[in-house]
Amino acid sequence: MRPDLVWLGDRCKMKMIEGGVTAAKGFSAGGMYCGIRKNKTKPDLAMIYSAAPCTAAGMYTSNLVKGAPILVTKRNLTNGVARAVICNSGNANTCNADGEEKAWRMCEIAGKALNIDPSDVIVASTGVIGQVLPIEPIEETAPLLASSITGDGSSLAAKAIMTTDTVVKEAAAEFEIGGKTVHLGGICKGSGMIHPNMCTMLCFLTTDAAIAAPVLDKALRSVVAESFNMVSIDGDTSTNDTITVMANGLAENPEILDGTPEYETFVGALRAICINLARKMAKDGEGATKLLVCKVSGAANLADARTVAKSVICSSLLKAAMFGADANWGRVLCAIGYAGTGTDIHRVDVSFRSKAGTIDVCRNGSGIPFSEEKAKEILTQDEIDILVTLGDGDACAEAYGCDLTYDYVKINGDYRT
């Protein structure tokens with residue numbers, strides 16, 4: 001099958017396309033430098049706008065310490081309606097006495113610049129915690145940014161929300177619903193302070209599908225559980241994690257209803273986009289050189305499969321071993337053993353796989369002879385699958401992470417300065 005095609009069902013397929021967050025009809029975006037970051041070559045203010053009102057849904061960090069933008073965005077999305085996104089990088093606007101005031105002011109600034117109600121604006125911030133957000137640069141730049149957003153400005157917006165990220169993260173797809181071509185796309189940022197507790201980063205999704213807000217919310221929650229909530233870079237859950245989705249209905253498809261084949265098609269496309277972005281985020285972990293994907297099969301149930309996959313991908317010892325291309329499979333079993341699922345460790349099989357091949361290293365909970373040279377060749381690749389078979393049932397799950405390198409400590413040792 002062509003790599004740009006993904007099957008969503010027996011007869012429906014999704015095509016991966018360019019365009020990111022502006023792939024859907026009626027959406028425009030952009031980003032530019034406004035003066036929050038010290039690095040003047042890096043854009044630090046992003047904007048996304050829909051030409052038509054949207055139904056909308058969002059999910060947020062589980063951290064008890066929440067960035068002020070989250071509190072404001074949650075209030076704004078109470079009615080399930082949104083029209084635009086404004087997001088700055090370089091300052092998280094978290095743990096500040098005037099945080100909510102500044103976050104709401106960003107909504108007002110964007111609303112005025114775009115001629116929309118400020119309560120229809122999603123606001124987000126990312127960067128250093130505990131530093132007062134200067135609002136003046138945003139006030140001065142937002143009107144110019146609003147006048148410069150375009151239908152191909154996804155990458156500019158994606159760059160503007162990056163912090164320690166090294167690559168732009170965007171994805172988009174098109175598929176058919178009710179005889180109409182529907183588009184779905186998004187951008188995200190996330191490289192450190194990432195752990196599967198919802199939502200592990202900032203992500204903004206857009207679609208031209210017609211779908212009611214409660215149905216959109218259900219779809220988002222179901223997909224996040226198997227995509228972004230299965231990512232871990234370093235075990236730290238951020239204070240500003242946010243994912244939102246806006247749907248403006250400009251594809252003119254019959255409204256997607258819960259429990260229908262059309263709903264399943266939409267969820268399948270949303271899942272594919274979110275997993276695509278989740279993998280990109282994991283691969284770009286701070287200091288990372290390799291994407292790690294733990295694929296668990298044979299679990300007693302889905303909860304156990306997810307728990308084991310996350311336990312393995314979160315193991316600092318395993319992550320360090322993968323950095324060194326060391327086939328230390330005992331660290332995989334160790335992580336399974338403390339996952340708390342009650343797995344019979346004597347039935348566990350482990351293999352490592354990459355584009356260089358596959359090697360079996362453990363059968364029925366015990367080591368087996370294998371070539372260290374072949375294992376080293378497999379583990380020196382930039383994408384590695386850790387294959388775990390539990391032998392407890394039929395459930396399966398995937399988790400996404402990266403290796404742990406010297407550079408992770410370097411990056412976080414002087415993050416503020």
request  = Taking the side chain as every heavy atom from C-beta outward, state whether L257 and V215 have any atom pair closer than 4.5 Å.
outcome  = no
ask   = What pair of heavy atoms forms the shortest contact from P134 to N91, and how long is it?
value = CD-ND2, 4.1 Å
query = Out of curiosity, E174 CD to I177 CD1, how far, rounded to the nearest 0.5 Å?
reply = 12.5 Å
Inter-residue atom distance E170.CD - L277.CG, 0.5 Å rounding = 9.0 Å
task = Could you name each residue pair satisfying salt bridge (charged side-chain N to carboxylate O under 4.0 Å, His left out) that touches residues 63-77, not counting sequence neighbours?
result = R75-E100
ask   = Quick one: NZ on K319 to CG on L292, what's the gap to the nearest 0.5 Å?
value = 6.5 Å
request  = Inspect the surroundings of CG in N79 and state if more than 12 heavy atoms from other residues, nucleotides or ligands are less than 6.0 Å away.
outcome  = yes
ask   = For Y49, which of I116, I86, T206 qualifies under side chain to side chain contact (heavy atoms under 4.5 Å, CB included)?
value = I116
query = When rounded to the nearest 0.5 angstrom, what is the spacing between CD1 in I149 and CG in L144?
reply = 11.5 Å
ask   = Any side-chain heavy atom of D120 within less than 4.5 Å of one from V81?
value = yes
task = Give the intermediate values and the outcome of side-chain contact (heavy atoms from CB on, under 4.5 Å) for residues M322 and F352.
result = CA-CA 10 Å; M322 294 298 98; F352 296 120; 4.2 Å; yes
Side chain to side chain, V21 and F27, heavy atoms closer than 4.5 Å = no
query = Are the side chain of T73 and the backbone N or O of I70 linked by a donor-acceptor pair below 3.5 Å?
reply = no
request  = Just grab all the salt bridge (charged side-chain N to carboxylate O under 4.0 Å, His left out) pairs involving residues 122-135, residues at least two apart or on different chains.
outcome  = none
ask   = Among pairs that include at least one residue of residues 139-154, which meet salt bridge (charged side-chain N to carboxylate O under 4.0 Å, His left out), considering only residues two or more places apart or in two chains?
value = R105-E139
query = For K102, what residues pass the salt bridge (charged side-chain N to carboxylate O under 4.0 Å, His left out) criterion, not counting sequence neighbours?
reply = D98
key: Residues which pass salt bridge (charged side-chain N to carboxylate O under 4.0 Å, His left out) with D385, listed by chain and number, not counting sequence neighbours   = R353
key: Set of ring pair (Phe, Tyr, Trp, His ring centres under 6.0 Å) partners for F323, sequence neighbours left out   = Y406
request  = Would you check if the side chain of S50 reaches a backbone N or O of P53 as a donor-acceptor pair within less than 3.5 Å?
outcome  = no
remark   = With L318 as partner, the option from L404, I386, N328 fulfilling side chain to side chain contact (heavy atoms under 4.5 Å, CB included) is I386
task = Let me see the working for L156 and M32 under side-chain contact (heavy atoms from CB on, under 4.5 Å), right down to the final yes or no.
result = CA-CA 7 Å; L156 289 172; M32 62 176 50; over 6 Å; no
query = Under the side chain to side chain contact (heavy atoms under 4.5 Å, CB included) test, which residues partner A375, sequence neighbours left out?
reply = A327, I359, F370
message = Heavy-atom count check: over 12 atoms from other residues, nucleotides or ligands less than 6.0 Å from E18 CD?
response = no
task = State, with a plain yes or no, whether a side-chain heavy atom of V348 is found less than 4.5 Å away from one of L390.
result = yes
Nearest non-hydrogen partners of G30 and L145, listed with the distance = C-CD1, 3.7 Å
query = Do the side chains of M47 and L114 get nearer than 4.5 Å, heavy atoms only?
reply = yes
query = Looking at S154 and T22, what are the two nearest heavy atoms and their distance?
reply = CB-OG1, 3.6 Å
inquiry  = I'd like to know whether L205 forms a side-chain contact (heavy atoms from CB on, under 4.5 Å) with C274, so could you lay out the CA-CA distance, the side-chain angles of the two residues, the decisive distance to 0.1 Å, and finally the verdict.
reply    = CA-CA 9 Å; L205 302 168; C274 288; 3.9 Å; yes
inquiry  = Within this structure, what is the NE2-CG distance for the pair H183 and L250, rounded to the nearest 0.5 Å?
reply    = 11.5 Å
message = Do N88 and S125 pair up side chain to side chain, a donor and an acceptor below 3.5 Å, judged on atom types alone?
response = yes
request  = For residues 204-226, pull every pair meeting salt bridge (charged side-chain N to carboxylate O under 4.0 Å, His left out), keeping only residues two or more places apart or in separate chains.
outcome  = D217-R221, K218-D258, E226-R271
ask   = Within a strict 4.5 Å, meaning less than it, do heavy atoms of the I135 and I109 side chains meet?
value = yes
ask   = Between D44 (side chain) and I36 (backbone), is there a donor-acceptor pair under 3.5 Å?
value = yes
message = If you compare all heavy atoms of A210 against all heavy atoms of N253, which two are closest, and at what distance to 0.1 Å?
response = N-OD1, 2.9 Å
ask   = Is any NZ, NE, NH1 or NH2 atom of the basic residue among K283 and D382 found under 4.0 Å from an Asp or Glu carboxylate oxygen of the other?
value = yes
remark   = Residues passing the side chain to side chain donor-acceptor pair (under 3.5 Å) test with T307, sequence neighbours excluded, are none
note = For N39, the side chain to side chain contact (heavy atoms under 4.5 Å, CB included) test, sequence neighbours excluded, returns T41, K42
Under the salt bridge (charged side-chain N to carboxylate O under 4.0 Å, His left out) test, residues paired with K290 that sit two or more places apart = none
ask   = Would you call C107 and N76 a side-chain contact if the rule is heavy atoms closer than 4.5 Å?
value = yes
request  = Assess whether side-chain contact (heavy atoms from CB on, under 4.5 Å) is satisfied between D241 and F228, documenting all intermediate values.
outcome  = CA-CA 11 Å; D241 301 334; F228 296 121; over 6 Å; no
ask   = If you look at every heavy atom in A213 and G80, which pair is closest and at what distance?
value = CB-O, 3.7 Å
ask   = So, T405 versus D403: side-chain donor-acceptor pair below 3.5 Å or not?
value = no
ask   = Is there a donor-acceptor pair under 3.5 Å between the side chain of S89 and the backbone N or O of T163?
value = no
query = Just by modelled atom types, is the V312 backbone N or O under 3.5 Å from a matching donor or acceptor in the S315 side chain?
reply = no
ask   = Between N248 (side chain) and K25 (backbone), is there a donor-acceptor pair under 3.5 Å?
value = yes
inquiry  = Quick one: does any side-chain atom of T341 pair with a main-chain N or O of A339 as donor and acceptor, under 3.5 Å?
reply    = no
request  = Starting at CG of L77, measure out to OG1 of T244 and round the result to the nearest 0.5 Å.
outcome  = 7.0 Å
request  = Could you note down all residue pairs passing ring pair (Phe, Tyr, Trp, His ring centres under 6.0 Å) where residues 90-147 supplies at least one of them, sequence neighbours left out?
outcome  = none
key: Under 3.5 Å: donor-acceptor pair, side chain of K169, backbone of A278   = no
query = Would you say the side chain of K280 lies within less than 4.5 Å of the side chain of L291, judging by non-hydrogen atoms?
reply = no
ask   = What heavy-atom pair brings A82 and I122 nearest, and what distance separates the two atoms?
value = CB-CD1, 4.0 Å
